Protein chains: 2
Amino acid sequence: MTVATRLKIGDVAKQTGIAVGALRYYESLGLLHSERGDNGYRYYSPTAVHQVQFIKKAQALGFSLEDVGDVLNVHQRGDVPCGFVRSLLQDKIQQLEDQIQQMTAFKADLEDYRDRWAESQPHPQPGDICPLIETVPLTV
Amino acid sequence: MTVATRLKIGDVAKQTGIAVGALRYYESLGLLHSERGDNGYRYYSPTAVHQVQFIKKAQALGFSLEDVGDVLNVHQRGDVPCGFVRSLLQDKIQQLEDQIQQMTAFKADLEDYRDRWAESQPHPQPGDICPLIETVPLTV
DNA sequence: CTTGACCCTCTAGGGAGCTATAGAGTTTAG
DNA sequence: CTAAACTCTATAGCTCCCTAGAGGGTCAAG
């Protein structure tokens, strides 16, 4: 019987490409657990590498670390969090949709100004800073 | 001959709808100037209202306060900053374009996952947290 | 034994544009 | 005259995900 491999934080960092400081940060958020040796060092089992990769993958899906924590909590309760993940994912998609729409409308606005200002020689009024911008209406 | 109107910061705030704290913040960035009375109060001429509105309008075009400062500097040098403003505006449009493209591609990715995961009953492996997320490839 | 590569905790910072508070002085309406 | 409403400075906090540094202990190779 061999003792299970005990990884130090630097080993986990190397195997995952995540900085040591970030790993400690994950732990402070409760996303990653470690055992402490007598020297105070954090020790990890090889599954920790897998867990860090899980965090990376969730982030790649646009999940915040808080989201990851929520998923982990569902898992901790013994449930399979896939349904929860699906709904989170749908939320992210909807948020993206909304943001894209907003940005597209905003871009159209800006292009409108650009085209209107393309060759106009503005009529500066006393006190004006940029006579072009001065024509923008105040949204009150 | 009447003394020119001297506005206090609260007056400017009321007339522009910008919080007092924000006006002080603008001043700290050099975007808004005031004279000090013997009591230490900031006093503004009515053109300050116009200048604050200019800041608001520039922000409505997606300009950062730093951008506004740059525009103001051109103006301060005695130049008309409209050419500079046009090029800033084109930059903002381009940035929006890029961001929209990125977000659209990302959204397509997420929708891909969503559809693939729609009714799949995943095959949990020992150590898995959410078998769905586990299928996401690591971008290394 | 020494040197260097690790590890620890705690604190600060950053980006953007503010808001909020504390503790103090000033002005203004009644 | 008093009380409310205003003003001042200076500092901290917000969001998110870390990074960087100080000041110290621990461990492995030569």
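Note that the structure is a prediction, hence the values are computed from the model and not measured.
Here K8(A) does not pair with E35(A) in a salt bridge; the nearest charged N to carboxylate O distance is not below 4.0 Å. Using a 4.0 Å cut-off between charged side-chain N and carboxylate O, D67(B) and K92(B) make a salt bridge.
Between R36(A) and dT9(C), a side-chain N or O to OP1/OP2 separation shorter than 4.0 Å is present. For R42(A), no side-chain nitrogen or oxygen approaches OP1 or OP2 of dC7(C) to under 4.0 Å. In terms of phosphate contacts, Q59(A) brings no side-chain nitrogen or oxygen within less than 4.0 Å of OP1 or OP2 of dC16(D).
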Polar atoms only, N or O, under 3.5 Å: list the protein pairs with nucleotides 26-30 of chain D and their distances.
residue	atom	partner	partner atom	Å
dT26(D)	O4'	Y41(A)	OH	3.4
dC27(D)	OP1	N39(A)	ND2	2.9

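Residue D11(A) contributes atom CG, which lies 16 Å from atom P of dA5(C) at whole-angstrom precision. Atom-to-atom, CG of L32(A) to P of dC18(D) comes out at 12 Å; the value is rounded to the nearest Å. Distance Q95(A) CD to dC16(D) P: 11 Å, rounded to the nearest Å. Rounded to whole Å, the distance from CZ on R6(A) to P on dC6(C) is 18 Å. E35(B) has its CD atom 17 Å from the P atom of dT7(D), to the nearest Å. Atom-to-atom, CG of L23(A) to P of dC7(C) comes out at 10 Å; the value is rounded to the nearest Å. Rounded to whole Å, the distance from CD1 on I9(A) to P on dT19(D) is 12 Å. Rounded to whole Å, the distance from CG on L7(B) to P on dT7(D) is 11 Å.
L29(B) comes within 4.0 angstrom of nothing in the nucleic acid, heavy atoms only.
L7(A) has its side chain within reach of Q15(A): a pair of non-hydrogen atoms, C-beta onward, lies under 4.5 Å apart.
A donor-acceptor contact shorter than 3.5 Å is absent between the side chain of R6(A) and the backbone of S45(A).
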### Task
Check the pair R36(A), E27(A) against salt bridge (Lys or Arg N to Asp or Glu O under 4.0 Å), reporting the backbone distance first and the verdict last.
CA-CA 13 Å; R36(A) 295 305 182 105; E27(A) 181 173 312; 3.5 Å; yes
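For R24(A), the listed nucleotide lying nearest its side chain is dC8(C); candidates were dC17(D), dC8(C), dC18(C). The side chain of A22(B) lies closest to dC18(C), out of dC18(C), dC8(C), dC18(D). Distances from the side chain of Y26(B) to the nucleotides dC18(C), dC8(C), dC18(D) place dC18(C) closest.
Pairs of residues two or more places apart, or lying in two chains, never qualify as ring pair (Phe, Tyr, Trp, His ring centres under 6.0 Å) while including a residue from residues 44-75 of chain A.
Within 6.0 Å of the CD atom in Q94(A), the count of heavy atoms belonging to other residues, nucleotides or ligands exceeds 12.
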